[in-house]
Chemist: 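There's a structure below that I have some questions on.
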Amino acid sequence: MKATALRLLAIGIGIVLLAAAYSKIHSPSVMSETAHAFLNSLTPEERARATFQFTDDERFNWHYIPKVRKGLPLKDMNSAQKHLAHALLSAGLSQRGYIKAITIMSLDEVLKALEKGSGPVRDPDGYFFSVFGEPSETGTWGYRIEGHHLSQNFTIANGKVQGAPSFFGANPAEVREGPRKGLRVLGREEDLGRALVQSLTPEQKKVAIVEAKAPADILTVASRKAALNGQASGLQASKLNAHQRELLQNLLNEYCNNMPEQIADARQEQIKKAGANLYFAWEGGEQPGDPHYYRIQAPAFLVEYDDTQNGANHIHSVWRDYEGDFGLDLLKEHYQTSHR
């Protein structure tokens with residue numbers, strides 16, 4: 001357990017430094033360079049496993065449960081290939097997002113120790129890398145990095161990049177025993193959401209708290225298109241005071257700041273355009289340890305968060321773009337431009 005965790009952390013330290021250096025560089029160029037470096041390190045057989053046509057239906061096949069996936073997993077890579085794979089993961093995330101990602105991966109070691117073989121197979125190297133199409137700074141292609149509690153999906157077209165669906169999960173949400181006791185990978189997602197709901201007045205809570213019991217999982221689960229039936233429910237941002245609106249923005253910032261600058265800026269622009277047309281909904285208890293759920297809905301995007309499983313110590317969180325998941329908005333723009 002310790003050797004694998006230390007290896008992940010050692011890789012992480014080096015790649016985090018790269019992520020910081022790249023934070024101001026055009027994301028598609030970094031993604032293209034790191035994708036080529038990764039693919040060039042593979043044997044023909046390995047490359048065949050890791051690559052797909054951009055039009056392959058597999059590009060839309062995402063999930064966050066522990067299972068065997070298509071693509072090339074870290075466990076089948078040599079040391080050099082793993083470093084390059086981590087560079088590709090780093091290229092799609094901010095420094096903060098990358099730290100969350102590799103820490104989430106390392107939690108499988110914690111689960112392995114806690115479950116003592118009684119649960120699913122836990123493997124911190126069971127994360128699969130898949131590239132769709134030919135990497136290019138200005139062309140159309142994409143890639144996915146996915147495994148237990150992590151699914152990052154990137155699409156690049158005409159020098160623009162989309163990073164959704166973007167899923168981060170954590171089990172345990174808080175490590176409560178052992179040498180990593182106290183670790184909370186997604187602690188800010190939890191604490192900022194709770195701070196917002198606890199700031200509401202009793203009258204506001206009557207609107208914001210839409211169910212007394214939290215659902216067992218995020219409502220959109222791993223759907224190919226994010227959709228919740230009917231009108232957005234919850235408390236509209238226009239009903240928040242200045243302090244509460246700041247708390248909402250802080251919560252949204254946490255999801256934006258997981259991503260590199262270009263994607264984060266695009267998310268912030270969506271938030272700005274939504275203005276008061278944002279809805280915050282909460283389900284479940286308000287106190288630490290209570291099963292709980294929240295979502296933030298806007299015309300262009302959806303944030304969902306859930307902590308109900310394993311005694312409310314198991315988080316799922318996701319950013320979805322209604323028109324932009326899997327880069328569908330970029331592709332529409334690309335085809336319209338090409339046709340003209």
Chemist: Assess the residue pair His86 and His83 against the criterion (side-chain contact (heavy atoms from CB on, under 4.5 Å)); give the C-alpha distance rounded to whole Å, side-chain angles, the decisive distance to 0.1 Å, and a yes or no.
Modeler: CA-CA 5 Å; His86 272 269; His83 281 284; 5.8 Å; no
Chemist: Can you say whether the rings of Trp319 and Tyr255 are parallel (under 30°), tilted (30 to 60°) or perpendicular (over 60°)?
Modeler: tilted
Chemist: Side chains of Pro291 and Asp306: closer than 4.5 Å at any heavy-atom pair?
Modeler: no
Chemist: Is there a donor-acceptor pair closer than 3.5 Å between any side-chain N or O of Glu304 and the backbone N or O of Leu219?
Modeler: yes
Chemist: Is there a chain of hydrophobic side chains (I, L, V, M, F, W, Y, each step under 4.5 Å between heavy atoms) that links Ile102 to Val110?
Modeler: yes
Chemist: Does Glu177 CD have over 12 foreign heavy atoms under 6.0 Å away?
Modeler: no
Chemist: Identify, with sequence neighbours excluded, every residue that meets side-chain contact (heavy atoms from CB on, under 4.5 Å) alongside Val207.
Modeler: Leu235
Chemist: Charged N to carboxylate O below 4.0 Å: is that the case for Arg194 and Asp290?
Modeler: no
Chemist: Under the side-chain contact (heavy atoms from CB on, under 4.5 Å) test, which residues partner Glu58, sequence neighbours left out?
Modeler: Phe52, Asp56, Asn61, Lys70, Phe132, Arg144
Chemist: Would you say that more than 12 heavy atoms from the other residues, nucleotides or ligands in this model lie under 6.0 Å from the CD of Glu323, or not?
Modeler: no
Chemist: When you measure from the side chain of Asn313 to the backbone N and O of Glu174, does any donor-acceptor pair fall under 3.5 Å?
Modeler: yes
Chemist: Any non-hydrogen side-chain atom of Val303 less than 4.5 Å from a side-chain atom of Arg267?
Modeler: no
Chemist: Check the pair Lys160 / Asp329 against salt bridge (charged side-chain N to carboxylate O under 4.0 Å, His left out), numbers first and verdict last.
Modeler: CA-CA 11 Å; Lys160 297 181 181 179; Asp329 55 345; over 6 Å; no
Chemist: Report the distance from atom CG of Asp108 to atom CG of Asp123, rounding to the nearest 0.5 Å.
Modeler: 7.0 Å
Chemist: With no hydrogens and no angle check, do the side chains of Asn253 and Gln268 hold a donor and an acceptor under 3.5 Å apart?
Modeler: yes
Chemist: Drop me the distance from Leu331's CG to Phe326's CZ, to the nearest 0.5 angstrom.
Modeler: 11.5 Å
Chemist: Would you tell me whether Ser233 and Arg295 have side-chain atoms, one donor and one acceptor, within less than 3.5 Å of each other?
Modeler: yes
Chemist: Relative to each other, are the rings of Trp62 and Tyr64 parallel, tilted or perpendicular (30° and 60° limits)?
Modeler: tilted
Chemist: Check for a donor-acceptor pair, side chain of Glu211 on one end and backbone N or O of Glu283 on the other, with a separation under 3.5 Å.
Modeler: no
Chemist: Quick check for you: to the nearest 0.5 Å, what is the distance between Leu196 atom CG and Leu251 atom CG?
Modeler: 6.5 Å
Chemist: Any chain of hydrophobic side-chain contacts (each under 4.5 Å) joining Val210 to Tyr293?
Modeler: no
Chemist: List the atom of Arg69, the atom of Gly147, and the distance in Å for their closest heavy-atom pair.
Modeler: NH2-O, 3.6 Å
Chemist: Look only at the side chain of Asp307 and the backbone of His314, and say whether a donor-acceptor pair between them is shorter than 3.5 Å.
Modeler: yes
Chemist: So do Ser27 and Val30 actually touch side chain to side chain, heavy atoms under 4.5 Å?
Modeler: no
Chemist: Using side-chain heavy atoms (C-beta onward) and a distance below 4.5 Å, is Leu328 in contact with Lys225?
Modeler: no
Chemist: Starting from the C-alpha separation in whole Å, work towards a yes-or-no answer on ring-ring contact (aromatic ring centres under 6.0 Å, His included) for His63 and Phe167.
Modeler: CA-CA 9 Å; His63 218 302; Phe167 182 96; 8.5 Å; no
Chemist: Under the rule for side-chain contact (heavy atoms from CB on, under 4.5 Å), what residues qualify as partners of Arg188, not counting sequence neighbours?
Modeler: Arg96, Leu192, Glu254
Chemist: Return the minimal non-hydrogen interatomic distance between Gly71 and Ser130, and the atom names on each side.
Modeler: CA-OG, 3.4 Å
Chemist: Flag yes if Tyr279 and Ile209 sit in one hydrophobic cluster, no otherwise; membership is Ile, Leu, Val, Met, Phe, Trp, Tyr, and two members link when side-chain heavy atoms are under 4.5 Å apart.
Modeler: no
Chemist: Which distance, rounded to the nearest 0.5 Å, do you find between the CZ of Phe168 and the CG of Leu186?
Modeler: 8.0 Å
Chemist: Nearest 0.5 Å, what's the OG1-CZ distance between Thr155 and Arg59?
Modeler: 4.5 Å
Chemist: If you take all heavy atoms of Pro28 and Gln262, which pair is closest and at what distance?
Modeler: CD-NE2, 3.4 Å
Chemist: Would you confirm whether Ser94, through its side chain, and Asn258, through its main-chain N or O, come within 3.5 Å as a donor-acceptor pair?
Modeler: yes
Chemist: Would you say NZ of Lys239 has more than 12 non-hydrogen atoms from neighbouring residues, nucleotides or ligands within 6.0 angstrom?
Modeler: no
Chemist: Going through the checks in order, is the side-chain contact (heavy atoms from CB on, under 4.5 Å) test met by Gln236 and Asn277?
Modeler: CA-CA 7 Å; Gln236 193 170 7; Asn277 199 17; 4.1 Å; yes
Chemist: Looking only at non-hydrogen atoms, find the nearest pair between Met259 and Gly163 and report the distance.
Modeler: CE-O, 3.8 Å
Chemist: Go through the steps to decide whether Tyr322 and Arg320 satisfy the test side chain to side chain donor-acceptor pair (under 3.5 Å), and finish with yes or no.
Modeler: CA-CA 6 Å; Tyr322 287 117; Arg320 304 293 304 266; over 6 Å; no
Chemist: Within the 3.5 Å criterion, strictly below it, is a donor on Ser106 or Arg180 matched to an acceptor on the partner's side chain?
Modeler: yes
Chemist: Are Leu42 and Phe38 side-chain neighbours, meaning at least one heavy-atom pair lies under 4.5 Å?
Modeler: yes
Chemist: Quick check: does any side chain N or O of Asp76 sit under 3.5 Å from a backbone N or O of Leu72, one acting as donor and the other as acceptor?
Modeler: no
Chemist: Please round to the nearest 0.5 Å and tell me the distance separating atom CE of Met31 and atom OH of Tyr143.
Modeler: 4.0 Å
Chemist: Output yes when a side-chain donor or acceptor of Thr220 lies under 3.5 Å from a complementary backbone atom of Ser223, and no otherwise.
Modeler: no
Chemist: Are the side chains of His292 and Gln287 in touch, meaning some heavy atoms are under 4.5 Å apart?
Modeler: no
Chemist: For Tyr127 and His148, which heavy atoms make the closest approach, and how far apart are they?
Modeler: OH-O, 2.8 Å
Chemist: Would you check if the side chain of Thr308 reaches a backbone N or O of Pro215 as a donor-acceptor pair within less than 3.5 Å?
Modeler: yes
Chemist: Would you say the side chain of Leu200 lies within less than 4.5 Å of the side chain of Leu240, judging by non-hydrogen atoms?
Modeler: yes
Chemist: More than 12 heavy atoms of other residues, nucleotides or ligands under 6.0 Å from CD of Glu286: yes or no?
Modeler: yes
Chemist: Are Tyr305 and Leu248 connected in the hydrophobic side-chain network, where two residues link if heavy atoms are under 4.5 Å apart?
Modeler: yes
Chemist: Would you say the side chain of Gln244 lies within less than 4.5 Å of the side chain of Phe280, judging by non-hydrogen atoms?
Modeler: no
Chemist: Looking at Glu46 and Arg49, is any side-chain nitrogen of the basic one under 4.0 Å from a carboxylate oxygen of the acidic one?
Modeler: no
Chemist: Regarding His149 and Asn171, is there a side-chain donor-to-acceptor distance under 3.5 Å anywhere?
Modeler: no
Chemist: Check whether Leu74 and Leu93 end up in the same hydrophobic cluster, where Ile, Leu, Val, Met, Phe, Trp and Tyr are linked by side-chain heavy atoms less than 4.5 Å apart.
Modeler: yes
Chemist: How close do Ala274 and Ala298 get, counting heavy atoms only, and between which atoms?
Modeler: CB-CB, 4.0 Å
Chemist: Got a sec: does the NZ of Lys213 have more than 12 other heavy atoms crowding it under 6.0 Å?
Modeler: no
Chemist: Dump the intermediate steps for side-chain contact (heavy atoms from CB on, under 4.5 Å) on Val197 and Tyr294, then the final yes or no.
Modeler: CA-CA 9 Å; Val197 75; Tyr294 67 74; over 6 Å; no
